[in-house]
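Everything on this sheet refers to the single structure shown next.
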2 protein chains.
Amino acid sequence: MSDRKIPKDLDCGMAMIMEIIGGKWKPCLIHNISRGYKRPSELQRLNPKATRRVLYQQLTELEGYGIIEKVIFPVLPPKVEYSLTSLGMSLLPVIRVMDDWGTQYLENPGQHPTLKTA
Amino acid sequence: MSDRKIPKDLDCGMAMIMEIIGGKWKPCLIHNISRGYKRPSELQRLNPKATRRVLYQQLTELEGYGIIEKVIFPVLPPKVEYSLTSLGMSLLPVIRVMDDWGTQYLENPGQHPTLKTA
DNA sequence: AGCTATAGGGATAATTTTAGCCCTATGCTA
DNA sequence: TAGCATAGGGCTAAAATTATCCCTATAGCT
């Protein structure tokens with residue numbers, strides 16, 4: 001995440017938003033958090049196919065871009081809560097439009113010639 | 001593109017649209033084609049940082065998902081033209097919303113705490 | 001003859017992303 | 001005491017994506 005060999009050029013808006021939400025689990029995380037699931041352990045249970053590690057990484061990236069906010073409670077066992085910032089909330093309609101289009105695509109077989117889902 | 005070790009699960013719409021437009025150059029290609037640039041050589045000139053190979057690969061994927069259509073003219077030297085299908089056109093507003101959000105993000109510095117663009 | 005341009009695609013290397021381990025610490029409960 | 005849950009993060013391996021090279025073929029131009 002720090003020393004890339006090939007620099008990213010976030011030249012256009014498209015590249016920028018892809019950088020922000022393009023991770024494998026990021027849209028899921030944003031969606032989950034927007035629905036009130038705040039704690040890492042909850043998010044992990046909601047995405048059992050992802051490892052804790054990756055979720056943590058992608059949460060950190062989202063936090064870095066100002067999409068979510070993190071509150072650490074100084075208790076034991078540790079407690080952490082994430083929530084969407086206003087910037088993060090402004091992303092919700094975008095994600096919704098994307099998801100809607102994708103859902104339409106999925107529901108409409110015959111449109112996708114070589115869909116080898118596996 | 002054929003034998004992946006880890007199967008993709010295109011379970012939700014979000015995963016589906018990411019699979020379709022998630023490639024590094026795909027949004028650019030769709031955008032370019034929507035603006036009337038049809039031939040591979042044109043697209044290549046418009047995206048000089050991408051290699052011919054990658055553009056060709058991503059065009060093939062877009063074609064496979066029914067986003068663009070390819071017409072091969074049986075002439076020499078070879079001539080090929082791509083165009084958006086109606087499905088591809090239905091994607092334009094989605095891409096536009098995404099690009100708009102990203103552009104807003106770029107234009108609004110201070111929103112992004114740890115943006116290490118490099 | 002040697003150069004250009006055109007488009008396709010094989011083979012492999014480089015790079016980035018994701019997965020899968022490990023270990024830290026503490027308080028609770030069986 | 002042993003096991004569980006909680007959250008963070010180092011380290012390495014696996015997998016996926018992109019980049020970079022190679023070659024095919026033909027027509028036109030100098």
Side-chain angles (χ1 to χ4, degrees), chain A residues 1-10 15 18-29 33 37-64 68-82 116-118, chain B residues 1-10 15 18-29 33 37-64 68-82 116-118:
Chain A
M1 200 142 108
S2 313
D3 34 342
R4 332 176 42 80
K5 305 253 174 120
I6 297 179
K8 297 189 183 173
D9 32 332
L10 276 19
M18 283 305 229
E19 164 69 17
I20 294 179
I21 66 170
K24 185 164 178 182
W25 304 98
K26 288 183 189 172
C28 302
L29 289 171
I33 294 173
Y37 300 99
K38 301 164 172 293
R39 303 187 62 184
S41 52
E42 293 178 299
L43 297 168
Q44 187 190 335
R45 270 188 289 272
L46 290 168
N47 303 283
K49 293 181 195 163
T51 60
R52 249 178 341 163
R53 192 77 176 85
V54 181
L55 291 184
Y56 161 69
Q57 284 173 336
Q58 309 220 343
L59 284 167
T60 303
E61 282 185 41
L62 288 174
E63 191 197 358
I68 59 178
E69 240 166 9
K70 177 180 185 174
V71 178
I72 303 176
F73 295 84
V75 297
L76 274 166
K79 177 174 173 180
V80 164
E81 280 187 3
Y82 290 100
K116 292 165 192 159
T117 305
Chain B
M1 199 145 112
S2 313
D3 34 344
R4 335 176 39 83
K5 306 250 173 126
I6 296 180
K8 297 189 184 175
D9 32 332
L10 275 19
M18 283 305 231
E19 164 69 17
I20 294 179
I21 66 171
K24 185 163 177 181
W25 305 99
K26 288 182 187 173
C28 302
L29 289 170
I33 294 173
Y37 301 99
K38 300 164 173 294
R39 303 187 61 184
S41 52
E42 292 178 298
L43 297 168
Q44 186 189 336
R45 269 188 290 273
L46 290 168
N47 303 283
K49 292 180 196 164
T51 60
R52 247 178 343 163
R53 192 77 176 84
V54 180
L55 291 185
Y56 161 69
Q57 285 173 334
Q58 309 220 345
L59 284 167
T60 303
E61 283 185 39
L62 288 174
E63 192 197 359
I68 58 178
E69 241 168 8
K70 177 180 186 174
V71 178
I72 303 175
F73 296 84
V75 297
L76 273 165
K79 177 175 175 181
V80 164
E81 279 186 5
Y82 290 98
K116 292 164 192 160
T117 306

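All chains are named by letter (A, B, ...) in the order of the sequence lines, taking the proteins before the strands, and each is independently numbered beginning at 1. Atom set for the values below is all heavy atoms of this structure, side chains included, hydrogens, waters and symmetry mates excluded.
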Could you pull out all donor-acceptor pairs under 3.5 Å where a side-chain atom in residues 47-54 of chain B meets a protein atom, sequence neighbours excluded?
residue	atom	partner	partner atom	Å
B:Asn47	ND2	B:Asn32	OD1	3.1
B:Asn47	ND2	B:Leu43	O	2.8
B:Lys49	NZ	A:Asp9	OD2	2.7
B:Thr51	OG1	B:Val54	N	3.3

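In this structure, NZ of A:Lys38 is placed 14 Å from P of D:dA7, rounded to the nearest angstrom. Spacing between atom CG of B:Leu43 and atom C1' of C:dG8 amounts to 15 Å, rounded to whole angstrom units. Rounded to a whole Å, the CG atom of A:Asn47 is 14 Å from the P atom of C:dT18. For the pair A:Tyr37 OH and D:dA7 P, the computed distance is 16 Å after rounding to whole Å. In this entry the distance linking CD1 of A:Ile20 with C1' of C:dT17 reads 18 Å, nearest Å. Following rounding to the nearest Å, A:Glu63 (CD) and D:dG8 (C1') show an atom-to-atom distance of 13 Å. Atom CE of B:Met18 and atom C1' of C:dT18 are 15 Å apart (whole Å). A:Phe73 places its CZ atom 17 Å from the C1' atom of D:dA5, with the value rounded to the nearest Å.
Residue B:Lys70 has a polar side-chain atom (N or O) positioned under 4.0 Å from OP1 or OP2 of C:dG8. At least one side-chain nitrogen or oxygen of B:Lys8 sits closer than 4.0 Å to the OP1 or OP2 atom of D:dT17. In this structure, A:Ser41 does not reach the D:dA5 phosphate: none of its side-chain N or O atoms is under 4.0 Å from OP1 or OP2. Put simply, A:Arg45 has a side-chain N or O that comes within less than 4.0 Å of OP1 or OP2 on D:dT6. Contact annotation: A:Lys79 does not reach the phosphate of D:dT6 (side-chain N/O to OP1 or OP2, under 4.0 Å).
Looking at residues two or more places apart in sequence or on another chain, you find a side chain to side chain contact (heavy atoms under 4.5 Å, CB included) between B:Glu69 and B:Ser83, B:Thr85. Residues that satisfy the salt bridge (charged side-chain N to carboxylate O under 4.0 Å, His left out) test with B:Lys26, not counting sequence neighbours, are B:Glu61. Evaluation of the salt bridge (charged side-chain N to carboxylate O under 4.0 Å, His left out) rule for B:Lys70 yields no partner, not counting sequence neighbours.
Atom CG of residue A:Leu55 and atom CG of residue A:Leu46 lie 9.5 Å apart, to the nearest 0.5 angstrom. Taking CE from B:Met18 and CE from A:Met18, the interatomic distance works out to 5.0 Å, rounded to the nearest 0.5 Å. The NZ atom of A:Lys79 sits 5.0 Å away from atom CZ of A:Phe73, with the distance rounded to the nearest 0.5 Å. Atoms NZ and NZ, on A:Lys8 and B:Lys24 in that order, are 10.0 Å from each other to the nearest 0.5 Å.
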Practice prompt. Report the secondary structure of DNA chain D in dot-bracket form, marking unpaired bases with a dot and bases paired to a different strand with |, and treating Watson-Crick or G-U pairs with both distances under 3.5 Å as paired.
Written response: ||||||||||||||||||||||||||||||

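Scanning all heavy atoms of the two residues, the minimum distance from B:Ile68 to B:Leu59 falls at CD1-O, 3.5 Å.
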Worksheet item: In the 5'-to-3' direction, what one-character label does each nucleotide of nucleotides 18-30 of chain D receive under the scheme B = base within less than 4.0 Å of a protein heavy atom, S = sugar-phosphate only, - = no such atom?
Response: SBB-B---SS---

